[in-house]
Amino acid sequence: LVIWTVGEKCCRGMEMRSRFKNTTRVCPSRVVAGDGDGSTMAHNRLGSETSPYLLQHATNPVHWFPWGLEAFQKATSEGKPLFLSVGYSTCHWCHVMEGESFEDEEIADILNRAFVSIKVDREERPDVDSLYMRFIEATSGRGGWPMNVFLTPDKIPFVGFSYLPPERFKSVLLQLEEKWCTAQGEINRQGEQVLRFLRASSSLRMPTNDPDEVVSEEEFASAFQHSSSAFDSAEGGFGAAPKFPRVAGLQFLLHFAERLGRETTAGKRAQTMAMFTLEKMALGGINDHVGGGFHRYSVDDFWHVVHFEKMLSDQAQLVFAYLEASLMNSNPFFQSVAKSILRYVSRDLRDEDSGGFFAAEDADSNSRADCDDSREGAFYLWTTEDCRRYLAEDAELFIRHFGMRDEGNALFGSDPHGEFRGKNILKVSESVSQLANDLSCSESAISARLGKAKDKLLNVRNDRPRPGCDDKIVTSSNAMMISAFARGYQVVGDPDYLDIALQACHFVWNELTIEKEGQTLLLRSYRSGPSSVKGFADDYAAMVTACIDMYETTGDYDWLGRALTLQATLDSMFWDEVEGGYFSTSLESSDLIVRRKEDYDSAEPTASSIAAGNLVRLAIITGNEAFWKRARAITTAYSSIIKRAAFTLPTMLCAAMRLIDGKRKVVVIGELQSHEGKSLIAVLFSMHLPLIGRVLLDTSRAEPPPGIFPADLIATFRSAQGKRSTFAYVCLHDRCLSPTSDPDELRDQLTDPEFLQATSRLSRTR
């Protein structure tokens, strides 16, 4: 690719504290600067938008347009290039560039004179973000937000970068204004080359593709070996700073360990890497020890100094990881971490009226209510003086436990500008057992004192100015959080978790779905009403998962029916009939120059990866072979990528394991709410069974609608009705063990090595 290099500075892993004009609605009840009703004093077209990020820019002197036809037509009619700036409301560097450049009158005059400027919230339009980020990464080798791209009126990119300081940005604008006037033909010719590249990079097709190629044991081993070689045995995680909690990779390791056997050499290694990383993260500064929830990432190797933003999607995935770890390990620590995340989300990221979950909390806030000095982490930092003032006799214990110092505990290499001097980021330094031994106390007594101290500091912190909150309710991340609360109910048994999951699931179904031409369509988000933006493939895939999880949690067939309905829409509107896999955007999308398929399970897994797992589950539950074939078609479509770099798609590898191992399932039929039924289901909920499906048929309910379950299951359902008994049986394909009503026997069957090895061998011969 040939572009004009203007330079860029990537915001990922870099920290700069600056004034932040906080115009978001803070949650759950904080100041609102605009609710999308045009009440803000807008200087541009963003005042009537609902996105908190777009509303932050509604009073900029830049004549912003939202992404849409009006901006494109203006650029075409006036012969001007488009300036596209993409970010999100809790992005630190986005706030920096707004304050430095987009509020600057001189820079705004250049943008308004020479360009048609568009602002995009990447959470509302992930398709726009992904497409042009691919261009940025290809031309600069890295990416970040804010993402700034200059496009021809036909939306083809020709220059892009992330953050630039204002003088540099102004210089670039003037250069590009002149270049557009003098070399427009050259830009258009290179645009054809760029377009070919974007189309090629969105294709999964490789010259060596075998239409019958499937993922094999070698790819699982390759992903494991890659993780093993990158593993930080001292601090957990993989590779050097900045460290992100890439949960998909951790879950692959846990599933890989379960599949191989926890006692095998590779199984032990995989389990150790995942659990050690989860432990180190939970002890580190990336975990909010006072209020719960995890920050976005660590800027050092120690999970200590962090970027303080909190994302809903991270919380949801981490709940799953910690609950899985708790099922594989009897240590209650992992479950306690999951519970603290769920407590945080239900308290601070949940709309009590609708039950939906907010997208994120910002990293920045003011130090005091009477100060306009917004800085990163101000809400979360503590001094030793704070502890001595508020914690009385527990102060020194708390200070020791979290390694606090009068001068602050951030290492110089992690805080080069001394911005945390005198402040402490809580990170466990002395364990409860160490303190108990040193102080000749019981561990329970130490834990109780620390718990009381945390509660006191939480009350103190609640009086501080809160970070801004992006109170959009995004369908995909809400679906992930629904699944997390459902899983929390299964493992912990807290009925409040189930109530929260049900309320959120009903909200999404009632407010974010529409019926059109016989199909059920999802909308992308909700804020002061449903968004006009249609759902993307990741919304459908995540919501199908949530509906399956709700079925497996409650036994309610309605949720299974909804999963099947949404899967049908995903197949009809997003499936690539030529190469396989799911496009990010639907057939109806017409405002992008290329339809992309994502090929990397990063902070969130790709839609195709999630869908592959869903299809395996639906095939096992319904007996519909078409789902199994489509799941296999996905892994075949991505097989070339997986064979080159298996570690890039860990969630898809988890689905591929199940495809190779065959249709393992546990069927429970009878009165599921009876003591007998609850006891059998409790066995399933208490075991780590990522490779075994669950089928529940409740004979106290009406017969399931036709077409959901196979005929043999319906026959068994009918024969069990009225008998007031419940039984379970374990199967692979059509071969099943004897049914049992004894929970202990069911547990023995699920852990019988001979049965598991036999079924594994059987699956490999089919």
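If you're wondering where the values come from, they're calculated on a predicted model, not measured in any experiment.
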Is there side-chain contact between Ile669 and Thr726, with at least one heavy-atom pair below 4.5 Å? no
Test Lys268 against Gln271 for side chain to side chain contact (heavy atoms under 4.5 Å, CB included), laying out the working first. CA-CA 5 Å; Lys268 285 181 180 178; Gln271 186 176 348; 5.9 Å; no
Are any non-hydrogen side-chain atoms of Tyr540 and Ile610 less than 4.5 angstrom apart? no
Between Arg617 and Glu552, is the closest basic N to carboxylate O distance under 4.0 Å? yes
Less than 6.0 Å separating the ring centroids of Trp303 and His295? no
Could you label the plane-to-plane angle of the Tyr557 and Tyr551 rings as parallel, tilted or perpendicular, counting under 30° as parallel and over 60° as perpendicular? tilted
Step-by-step salt bridge (charged side-chain N to carboxylate O under 4.0 Å, His left out) determination, Asp661 to Arg259: CA-CA 9 Å; Asp661 289 352; Arg259 184 172 183 270; 2.8 Å; yes
Working to the nearest 0.5 angstrom, can you tell me the gap between Leu653 CG and Ile660 CD1? 9.5 Å
Please determine, by modelled atom types, if Asp351 and Ser354 share a side-chain donor-acceptor pair under 3.5 angstrom. yes
Phe294 side chain reached by Asp314 side chain, heavy atoms, under 4.5 Å: no
Looking only at side chains, do Asp571 and Tyr582 share a donor and an acceptor under 3.5 Å apart? yes
So which atom in Gly291 and which in Leu458 form the shortest heavy-atom distance, rounded to 0.1 Å? CA-CD1, 4.0 Å
Side chains of Glu671 and Ser700: donor-acceptor distance under 3.5 Å anywhere? no
Test side chain to side chain donor-acceptor pair (under 3.5 Å) applied to Glu604 and Ser313, Ser609, Ser476, the passing residue: Ser313
Per the side-chain contact (heavy atoms from CB on, under 4.5 Å) rule, which among Leu618, Leu696, Val695 passes with Leu560? Leu618
Evaluation steps, side chain to side chain contact (heavy atoms under 4.5 Å, CB included), between Thr751 and Met687: CA-CA 10 Å; Thr751 56; Met687 299 180 69; 3.3 Å; yes
Can you confirm if the aromatic rings of Tyr526 and Phe358 lie within a centre distance of less than 6.0 Å? no
Any side-chain heavy-atom pair from Met275 and Met328 closer than 4.5 angstrom? yes
Should Asp698 and Arg701 count as an ion pair when the cut-off is N to O under 4.0 Å? yes
Please confirm whether the backbone N or O of Val474 pairs with a side-chain atom of Ser525, one donor and one acceptor, at under 3.5 Å? no
Mind running side chain to side chain contact (heavy atoms under 4.5 Å, CB included) on Leu684 and Leu746 for me, showing each step along the way? CA-CA 9 Å; Leu684 304 184; Leu746 175 60; 4.2 Å; yes
Can you see which heavy atom on Gly356 is nearest to which on Ile473, and at what distance? CA-CD1, 3.9 Å
Classify the ring geometry of Tyr380 against Phe308: parallel below 30°, tilted from 30° to 60°, perpendicular beyond 60°. parallel
Smallest heavy-atom separation, Ala325 atom then Leu254 atom, equals N-CD1, 4.3 Å
Do the side-chain N and O atoms of Arg747 and Ser686 include a donor-acceptor pair separated by under 3.5 angstrom? yes
Under the criterion side-chain contact (heavy atoms from CB on, under 4.5 Å), which of Ser674, Pro743, Ser741 is the partner of Ser679? Pro743
Can you confirm whether the thiol sulfurs of Cys731 and Cys736 sit closer than 2.5 Å? yes
Check the pair Glu124, Lys472 against salt bridge (charged side-chain N to carboxylate O under 4.0 Å, His left out), reporting the backbone distance first and the verdict last. CA-CA 9 Å; Glu124 276 197 329; Lys472 284 195 314 296; over 6 Å; no
If the threshold is 4.0 Å, N to carboxylate O, is there a salt bridge linking Arg461 and Asp288? yes
Is it true that Asp362 and Lys310 make a salt bridge, defined as a side-chain N closer than 4.0 Å to a carboxylate O? no
Hey, could you give me the CG/CG distance between Leu522 and Asp538, rounded to the nearest 0.5 Å? 10.0 Å
Report the distance from atom CD1 of Ile286 to atom CZ of Phe244, rounding to the nearest 0.5 Å. 9.0 Å
Atom OG1 of Thr553 and atom CD1 of Ile681: how far apart are they, to the nearest 0.5 Å? 9.5 Å
Can Glu361 and Arg466 be counted as an ion pair, charged N to O under 4.0 angstrom? yes
Residue pair Ser531 / Leu523: nearest heavy atoms and the distance that separates them: O-CD1, 3.6 Å
Step-by-step side chain to side chain contact (heavy atoms under 4.5 Å, CB included) determination, Phe485 to Leu342: CA-CA 7 Å; Phe485 272 100; Leu342 293 170; 3.7 Å; yes
Would you call Val666 and Leu750 a side-chain contact if the rule is heavy atoms closer than 4.5 Å? yes
Can you find a side-chain donor-acceptor pair between Glu324 and His688 that sits under 3.5 Å? yes
Can you confirm whether the side chains of Asp470 and Thr90 place a donor and an acceptor under 3.5 Å from each other? no
Side chain to side chain, Met550 and Ile482, heavy atoms closer than 4.5 Å: yes
Taking every heavy atom of Leu260 against every heavy atom of Gly267, the minimum-distance pair comes out as CD1-N, 4.1 Å
Check: Ser336 side chain, Phe333 main-chain N or O, donor-acceptor pair, under 3.5 Å: yes
Do the side chains of Ser477 and Phe357 get nearer than 4.5 Å, heavy atoms only? no
Any salt bridge linking Glu703 with Arg718? Criterion: basic side-chain nitrogen under 4.0 Å from a carboxylate oxygen. yes
With a 3.5 Å cut-off and no angle check, do the side chains of Ser608 and Thr606 form a donor-acceptor pair? no
Ignoring hydrogens and geometry beyond distance, is a side-chain donor-acceptor pair present between Gln519 and Thr569 at under 3.5 Å? no
Locate the shortest heavy-atom distance separating Ala282 from His289; write the atom from each residue and the value. O-CE1, 3.1 Å
Does the side chain of Trp628 reach to within under 4.5 Å of the side chain of Leu615, using non-hydrogen atoms? no
In Å, rounded to the nearest 0.5 Å, how long is the span from OH of Tyr322 to CD1 of Ile341? 6.5 Å
Measure the spacing between OG1 of Thr554 and OH of Tyr489 and express it to the nearest 0.5 Å. 9.5 Å
Distance-only side-chain donor-acceptor flag, Arg350 / Gln503, under 3.5 Å: yes
